[in-house]
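Below, read A as the first sequence line, B as the second, and so on, with proteins coming before strands; counting in each chain starts at 1.
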Amino acid sequence: MTSPSPRRSTPSTPSPNAEVGRPRTWSDHDVEQVIGRLLQAGVILASIVVVIGGTLLLARHGAEATAFSVFRGGSSHLRSVSATFVGAVHGEPGAIVQLGLVLLIATPVARVALTLAAFAAQRDRLYVAMTALVLTLLLIGLFS
Amino acid sequence: MSLALFALLVATGSFGAGLLGAVTGLGGGIVVVPMLTVLFHVDIRYAIGASLVSVIATSSGAASAYVREGYTNVRIGIFLEVATTVGALVGAAVANVVPTSALAVLFGVVLLYSAYRSLRGDKDTSAVPPPDPLGEKLRLNGSYPEAPGRIPYVVHRVRLGFGVMLFAGMLSALLGIGSGVVKVLAMDRAMRLPFKVSTTTSNFMIGVTAAASAGVYLHRGYIDPSIAFPVMLGVLVGAVLGARVLAGADVVWLRRVFTAVVCVLAVEMLYKGLTGGV
């Protein structure tokens, strides 16, 4: 998709994998590639689901007049992830879109989790601790 | 207006929001909220929900390219995410005791001053502080692509950058604004990172900040599929295109666009603060 990036030259700082006898671990360049791919996959998956739901939504309600100046969200059943999932399985257009949006929201969370795994593979304890803290606070925010 | 026409117009406007958001590192919310509320008379709560979706879409859509091309500094991103997420929790905890209107006015003034300084940015090179040894210790130094090769850089004033980021997290919790602008300013002004590294690393982080509050907005019913779907798709296409524009873009030009957006945001904050609309 994008032009090939110039390969990052050898790591500028001495890393654990430079030591003899250690199994080869991920370089920062590898981590960047994997994180980039994960973000891309999350966005593409979410888009496919939203496009399907959006098309169905327009096919069914496209000619109806909009009334978004009145807030009715408080009574929407799409406020919970489980109800959204059930609705999407039953082919409800709004629920399919909402499922795609939930996938989109989950993408940065998955990115932080993957970064945690990557720093763990690099045996970078300081960054494992920092990423674990970010992930914990993020999950508290999401589920509180 | 029919839903089909609404979706078409909103998607078109959101395309512009994604493009601008990806290039400046500020996310698409700055354009999406006024567009939905002023032009389409959408309830502010729906607009805020759609704005949240737009920020995550801009962040993830553009970051997939920025990270792989080596613009984004992942370590700086994680390091500063610690500050913004802690700051956001603190902000939520003190929300009842802080006078938000006064804060909005103060923030507006700070933004205007930062915009002025940012425009002068490249001229006052004499004031560049020495490299911070903490940057080496935390492995924050890096390099970024700029034809024909990669340009190395070192970070400055790591503690100040971290402190400003704590403040950024608090502000976004208190004022309900995307904290992208404070993120870019902290990296650009305090830590003296190259402008493209600042904007792309900010872009990388704002998705996480937004995701942290997504659960709350979802449960309150702020995210409506009929409004959010054209926003998300439009913003995504804009963000992916924006990521391509950035590589070849002139930094002087990028700075001007960024400063213009900051000025608009500053005026909006002053207006909100003075009229008590926060």
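- A donor-acceptor pair under 3.5 Å is absent between the side-chain atoms of A:Thr66 and the main chain of B:Ser2, judged by distance alone.
- Only the side chain of B:Leu89 comes within contact range of chain A, with heavy atoms under 4.5 Å apart.
- Proximity to chain B is limited to the side chain of A:Arg111, based on heavy atoms less than 4.5 angstrom apart.
- A:Val109 is not listed as a side-chain neighbour of B:Val208, based on a closest heavy-atom distance of 4.5 Å or more.
- In terms of heavy-atom proximity, B:Gly61 sits nearest to A:Val43 at N-CG2, 3.9 Å.
- A 6.0 Å sphere centred on CZ of B:Phe167 holds no more than 12 heavy atoms belonging to other residues, nucleotides or ligands.
- For a residue to count as touching a neighbouring chain, one of its non-hydrogen atoms must lie under 4.5 Å from one of that chain's; by this rule A:Ser47 touches chain B with backbone and side chain alike.
- Atoms CG and CG, on A:Leu104 and B:Leu236 in that order, are 6.5 Å from each other to the nearest 0.5 Å.
- At a 4.5 Å heavy-atom cutoff, A:Ala106 makes no contact with chain B through either its backbone or its side chain.
- Here the CZ atom belonging to B:Phe229 is positioned 10.5 Å from the CG atom belonging to A:Leu101, to the nearest 0.5 angstrom.
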field: Working for side chain to side chain contact (heavy atoms under 4.5 Å, CB included), residues A:Phe71 and B:Asp224
entry: CA-CA 10 Å; A:Phe71 182 71; B:Asp224 185 278; over 6 Å; no

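- Contact record, A:Glu32 with B:Gly70: OE1-CA, 4.0 Å, taken as the closest heavy-atom pair.
- Remark: the backbone N or O of A:Leu135 is not paired with any side-chain donor or acceptor of B:Glu81 at under 3.5 angstrom.
- Counting only distance, with no hydrogens or angles, the side chain of B:His219 and the backbone of A:Arg79 share a donor-acceptor pair below 3.5 Å.
- Between the CG atom in B:Leu218 and the CD atom in A:Gln98 there is a gap of 5.5 Å [rounded to 0.5 Å].
- In terms of modelled atom types and a separation under 3.5 Å, the side chain of B:Tyr46 and the main chain of A:Gly73 share a donor-acceptor contact.
- Using a 4.5 Å cut-off between heavy atoms, A:Ala65 touches chain B through backbone and side chain atoms alike.
- A:Leu126 touches chain B through its side chain: at least one heavy atom from C-beta onward sits under 4.5 Å away, while N, CA, C and O do not.
- Looking only at side-chain heavy atoms (C-beta outward), B:Ser226 and A:Phe68 come within less than 4.5 Å of each other.
- Within the 4.5 Å cutoff, side-chain heavy atoms of A:Tyr127 are placed close to those of B:Leu138.
- A distance of 9.5 Å separates CD in B:Glu69 from CD in A:Gln33, rounded to the nearest 0.5 Å.
- With a 4.5 angstrom heavy-atom cutoff, A:Val31 does not touch chain B via any of its atoms.
- In this structure, B:Arg139 CZ and A:Gln122 CD are separated by 6.5 Å, a value rounded to the nearest 0.5 Å.
- Both the backbone and the side chain of B:Ala63 come within less than 4.5 Å of a heavy atom of chain A.
- Between the side chain of B:Tyr66 and the backbone N or O of A:Gly36, no donor-acceptor pair lies under 3.5 Å.
- One finds a salt bridge joining B:Arg75 and A:Asp124 here, because a Lys/Arg side-chain nitrogen approaches an Asp/Glu carboxylate oxygen to under 4.0 Å.
- Contact of A:Leu133 with chain B is made through the side chain alone, with heavy-atom distances under 4.5 Å.
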